[in-house]
Amino acid sequence: MSLHLYDTWTRSVREFTSLKPNEVGLYTCGPTVYDYQHIGNYRTFLFEDGLKRVLKLNGYRVNHVMNITDVGHLVSDADEGEDKMEKGSRRTGKTAWDIAALYTESFVADLKSLGIEFPTTLCKATDNIPEQIAFVQEIEKKGYTYRTSDGIYFDTAKQPTYGYLGRLDIAGLQAGARVDLGEKKNATDYALWKFSKPEDQRQMEWDSPWGRGFPGWHIECSAMAHKYLGAYFDIHCGGEDHITVHHPNEISQTEAAYGTRLANFWMHGYFILLNSAKMSKSSGEFLRVQLLLDKGYDPIAYRYLCLTAHYRSQLTFSWDALDAAQTALERLRHSAHSLGAPGVADQGFVARWMEKLNDDLNFPQALALTYELLKSELAADVKKATLLKFDEAFGLGLANWVPKVEDVPATVRSVADARWAARNNKDWAEADRLRGELTALGWAMKDGKDGYTLTKA
RNA sequence: GGCGGGUUAGCAAAUCGGUUAUGCAGCGGAUUGCAAAUCCGUUUAGAGCGGUUCGACUCCGCUACCCGCCUCCA
């Protein structure tokens with residue numbers, strides 16, 4: 001089967017063909033760097049990484065663009081409230097620019113530890129302010145904007161197709177609007193450019209044809225996607241929450257300025273749930289990659305956990321589930337290692353694996369196939385080669401994994417040697433006593449045929 | 001209130017109108033001086049009520065419960 005992907009635009013799985021031969025333009029909404037990313041954010045980035053790997057396995061070159069949202073935006077779309085960067089600045093005593101740099105650095109480190117491939121282009125909103133201004137001018141030229149006392153707004157009523165991606169019930173939204181419209185004409189209208197308030201000293205602001213201020217949240221993605229990928233490209237991704245607001249707005253901007261719906265495919269990753277609720281930055285506690293490390297987990301175990309669920313269904317996170325993933329990953333690594341050098345991959349298994357991946361990225365089934373492979377009667381070198389092929393999609397780093405060699409202190413080593421000797425003399429009482437001593441020192445001794453191994457308890 | 005999704009065994013989570021998902025845990029066995037690790041085998045499913053069908057976890061309807069979006073948000 002050729003590659004088929006679910007497209008939120010059509011709400012169906014359809015065949016993927018690239019607009020340009022052998023090349024895919026991919027834009028993925030990146031992080032807002034006013035705080036750390038949490039593992040829920042990374043579930044989406046992991047989904048996108050899986051997508052990218054599958055595209056490559058289908059022979060495409062992937063031109064991947066991701067934005068870094070480092071411009072402060074408002075806490076609420078009612079266009080009131082505090083700016084997140086400025087708020088973070090006050091919280092930490094650092095400048096808005098330092099904060100953006102700090103959290104961007106942390107983000108990049110997390111990508112690395114999760115085995116996520118770096119985008120072709122990682123672009124900051126603040127590095128592309130002129131492009132955003134030009135984009136707004138283009139929209140203005142086409143007659144879709146209006147001015148209020150606090151900014152330039154997009155008039156969604158002028159666009160009959162507005163909100164199609166989210167299948168928005170505009171009338172219902174208008175009637176049931178939960179926030180005060182202010183000077184906005186329609187509930188769905190949104191800011192393209194915001195004016196700095198004269199009384200507030202902002203750390204991040206720029207001059208524009210409309211006055212000093214800063215860009216609206218949605219414009220950066222449209223502007224940078226347009227700059228790096230053109231007005232119409234292959235795939236645009238983000239989290240499920242973007243289906244109803246952010247992405248329809250990106251589309252409306254591009255539609256107004258250039259007459260396209262920006263991307264051919266719109267794909268969305270679903271949330272990870274914590275205690276049966278969505279994990280969010282604004283509601284206090286959230287789990288970071290660093291917390292996983294602090295608790296002794298390998299971040300790749302989280303990647304494994306994400307592979308066990310389909311990207312279009314919500315995944316319930318628990319430490320038990322992560323434990324299960326870590327154990328499974330460890331066993332998989334040891335199996336892979338013990339298979340020795342790779343030979344030639346089994347084409348039957350590889351074909352079945354590709355079928356699963358091409359069927360809208362069915363990683364859970366592709367992963368299940370891994371266990372069928374390991375239990376099969378194939379020769380070790382064939383299994384190994386097939387497994388390494390599979391891992392090109394999974395990204396678990398099986399090719400380079402080697403068992404950790406423990407650095408055993410001399411004192412521990414001597415006790416272990418003594419026990420080995422006692423055991424060989426069939427002095428079980430002494431052997432057990434010495435093992436007790438090792439346990440007290442925090443080491444576990446495993447007897448092998450030709451020797452023992454020590455592991456830290 | 002509007003829109004959308006879900007409810008699978010102890011946990012997490014897939015597929016499929018009739019054939020073992022898978023992983024983790026549990027249980028039994030092999031192995032081991034005893035262990036550990038490993039290997040083999042294996043018990044627990046499909047929210048409730050109806051309908052369609054020769055046959056439904058799988059399709060349809062209703063009910064209950066849960067979740068997401070509608071507000072910054074992966």
Side-chain angles (χ1 to χ4, degrees), chain A residues 11 28-32 34-35 37-48 69 73-84 87 163 166-179 187-188 217 237-246 268-273 276-283 286 304-305 307-329 331-332 334-335 338 356 359 362-372 375 423-424 426-429 431-432 435 439 444-449 452-453 455:
Chain A
R11 299 287 156 101
T28 61
C29 282
T32 46
Y34 61 86
D35 203 337
Q37 301 302 296
H38 57 65
I39 62 172
N41 299 114
Y42 288 115
R43 186 184 182 205
T44 296
F45 299 136
L46 284 165
F47 138 64
E48 291 158 352
T69 300
H73 290 294
L74 299 166
V75 172
S76 121
D77 223 17
D79 296 309
E80 285 164 12
E82 293 174 293
D83 178 293
K84 284 182 177 172
K87 193 177 168 185
R167 304 293 193 270
L168 299 182
D169 170 16
I170 308 292
L173 283 172
Q174 195 79 17
R178 294 194 301 188
V179 290
T188 46
W217 173 45
C237 297
E240 58 168 314
D241 55 323
H242 286 158
I243 296 170
T244 49
V245 178
H246 181 53
H268 298 89
Y270 281 64
F271 288 145
I272 190 152
L273 306 179
S276 293
K278 151 189 182 180
M279 198 178 294
S280 81
K281 283 185 200 170
S282 49
S283 67
F286 59 84
Y304 183 100
L305 177 63
L307 289 176
T308 66
H310 193 263
Y311 78 91
R312 260 186 311 116
S313 60
Q314 292 174 341
L315 168 61
T316 309
F317 178 85
S318 67
W319 294 106
D320 281 348
L322 189 59
D323 281 337
Q326 173 117 323
T327 303
L329 172 65
R331 287 185 186 161
L332 188 57
H334 281 281
S335 310
S338 67
K356 303 292 187 194
D359 181 13
N362 200 326
F363 278 92
Q365 288 210 359
L367 188 62
L369 195 61
T370 304
Y371 292 93
E372 197 184 315
K375 284 178 186 160
R423 183 180 169 279
N424 286 339
K426 299 195 190 304
D427 184 353
W428 311 131
D432 288 349
R435 179 157 55 200
T439 307
M445 182 167 173
K446 294 174 189 177
D447 302 338
K449 207 171 170 56
Y452 61 83
T453 53
T455 47

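The model shown is predicted, which means the values in this text are computed figures rather than measured ones. Reminder, nothing fancy here: chain letters follow the sequence lines and each chain counts from 1. Side-chain atoms are counted along with the backbone in the values below, which use heavy atoms only and exclude waters and symmetry mates.
Contacts of Y371(A) with the nucleic acid, taken as non-hydrogen atoms under 4.0 Å apart, involve only primed sugar atoms and P, OP1 or OP2. Residue-level contact check: I243(A) touches neither bases nor backbone, having no heavy atom under 4.0 Å from any strand. Counting any heavy atom pair closer than 4.0 Å across all strands shown, A309(A) reaches sugar-phosphate atoms only and no base atom. G238(A) comes within contact range of the sugar-phosphate backbone alone, with a heavy-atom separation under 4.0 Å but no base atom that close. Within the 4.0 angstrom heavy-atom criterion, no nucleotide atom of any strand lies near H268(A). Using a 4.0 Å heavy-atom criterion, one finds that D323(A) contacts no nucleic acid atom at all. Within 4.0 Å of K426(A), counting heavy atoms only, lies no atom of the nucleic acid at all. Within the 4.0 angstrom heavy-atom criterion, only backbone atoms of the sugar-phosphate kind lie near H310(A); the bases stay farther away. Counting non-hydrogen atoms under 4.0 angstrom, S313(A) reaches the backbone sugars and phosphates but no base.
For L273(A), counting side-chain heavy atoms from C-beta on, the closest listed nucleotide (rC11(B), rC34(B), rG68(B)) is rG68(B). Nearest to the side chain of H38(A), among rA74(B), rA36(B), rA25(B), sits rA74(B). Candidate nucleotides rC69(B), rA74(B), rC73(B) were compared by shortest atom distance to the side chain of T244(A), and rC69(B) ranks first. In the set rA13(B), rC70(B), rG68(B), the nucleotide with an atom closest to the side chain of F271(A) is rG68(B). Among the nucleotides rG33(B), rC24(B), rA12(B), the one closest to the side chain of A328(A) is rC24(B). Comparing rC34(B), rA36(B), rA74(B) by their nearest atom to the side chain of T32(A) picks out rA74(B). In the set rC34(B), rU22(B), rA74(B), rC34(B) carries the atom at the smallest distance from any side-chain atom of D432(A).
For the pair R167(A) CZ and rG2(B) C1', the interatomic distance rounds to 16 Å; values are reported in whole Å. The distance between atom CD1 of I272(A) and atom P of rA12(B), rounded to the nearest whole Å, is 12 Å. Remark: P of rG33(B) and CG of D427(A) are 15 Å apart, rounded to the nearest angstrom. Rounding to whole angstrom units, CD of residue Q326(A) and P of rA12(B) are separated by 19 Å. For Q365(A) and rA14(B), the CD to P distance is 10 Å, given to the nearest whole Å. Rounded to whole Å, the distance from CD on E372(A) to P on rA14(B) is 19 Å. Atom CD of E240(A) is separated from atom P of rA74(B) by 12 Å (rounded to the nearest Å). What separates CG of L332(A) from P of rC24(B) is a distance of 10 Å, to the nearest Å.
Counting heavy atoms from C-beta on, the side chains of F363(A) and K356(A) never come closer than 4.5 Å. By the 4.5 Å heavy-atom criterion applied to side chains, L305(A) and F317(A) are counted as neighbours. The closest side-chain heavy-atom distance from W217(A) to T69(A) is below 4.5 Å. You'll find the side chain of C29(A) reaches within 4.5 Å of the side chain of H246(A), heavy atoms only.
A donor and an acceptor atom sit less than 3.5 Å apart, one in the side chain of D447(A) and one in the base of rC34(B). On a pure distance criterion of 3.5 Å, no polar donor-acceptor pair joins the side chain of D241(A) and the base of rG68(B).
Taking atom C1' in both rU7(B) and rU63(B), one finds a spacing of 13 Å when rounded to whole Å. Distance check on atom P: rC16(B) versus rU58(B) gives 13 Å, rounded to whole Å. Using atom P as the reference point in both rA74(B) and rG17(B), the two lie 37 Å apart (nearest Å). The separation of rC69(B) from rA14(B), taken at their C1' atoms, amounts to 26 Å, rounded to a whole angstrom. Between the C1' atoms of rC70(B) and rU53(B), the separation comes to 40 Å (whole Å). Look at the C1' atom in both rU43(B) and rC24(B): the space between them is 16 Å, to the nearest Å. Comparing the P positions of rG29(B) and rA36(B) gives a spacing of 14 Å, expressed to the nearest Å. Comparing rG28(B) with rU15(B), their C1' atoms are spaced 29 Å from each other, to the whole Å.
Distances shorter than 4.0 Å separate none of the side-chain N or O atoms of T439(A) from OP1 or OP2 on rA35(B). Between W217(A) and rC73(B) there is a side-chain N or O to OP1 or OP2 distance below 4.0 Å. At rA25(B), one or more side-chain N or O atoms of R331(A) fall inside 4.0 Å of OP1 or OP2 (strictly under the cut-off). Here T308(A) does not reach the OP1 or OP2 of rA14(B): none of its side-chain N or O atoms lies under 4.0 Å away.
Side-chain atoms of Q37(A) come within 3.5 Å of backbone N or O of T32(A) as a donor-acceptor pair. Not a single donor-acceptor pair under 3.5 Å links the side chain of R312(A) to the backbone N or O of G269(A). No donor-acceptor pair closer than 3.5 Å links the side chain of D432(A) to the backbone N or O of A429(A). Panel note: side chain D359(A), backbone N362(A); no donor-acceptor pair is recorded below 3.5 Å. In this structure, H38(A) contributes its side chain and N41(A) its backbone to a donor-acceptor pair below 3.5 Å. One N or O on the side chain of E240(A) and one on the backbone of F271(A) form a donor-acceptor pair closer than 3.5 Å.
Pairing of rC39(B), defined by two Watson-Crick or G-U wobble distances under 3.5 Å, is identified with rG29(B). Summarising the base pairing, rU22(B) is matched to rA12(B) through a Watson-Crick or G-U wobble pair whose two defining distances lie under 3.5 Å. Shown here, rC65(B) forms a base pair with rG6(B); the pair counts as Watson-Crick or G-U wobble because both key distances fall under 3.5 Å. Of all nucleotides present, none satisfies the Watson-Crick or G-U wobble test against rG55(B) with each distance under 3.5 Å. Shown here, rG50(B) forms a base pair with rC60(B); the pair counts as Watson-Crick or G-U wobble because both key distances fall under 3.5 Å.
Nearest-nucleotide assignment on RNA chain B puts the 5′-proximal partner with A368(A), out of H246(A) and A368(A). Heavy-atom nearest nucleotides on RNA chain B were determined for R312(A) and for C29(A), and the one closer to the 5' end corresponds to R312(A).
Y452(A) pairs by the ring pair (Phe, Tyr, Trp, His ring centres under 6.0 Å) definition with W420(A), not counting sequence neighbours.
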Taking only N/O atoms, report every protein-nucleotides 41-46 of chain B pair under 3.5 Å with atom names and distance.
none

If you apply the rule side-chain contact (heavy atoms from CB on, under 4.5 Å), what do you find for L315(A) with L273(A), and how did you get there? CA-CA 6 Å; L315(A) 168 61; L273(A) 306 179; over 6 Å; no
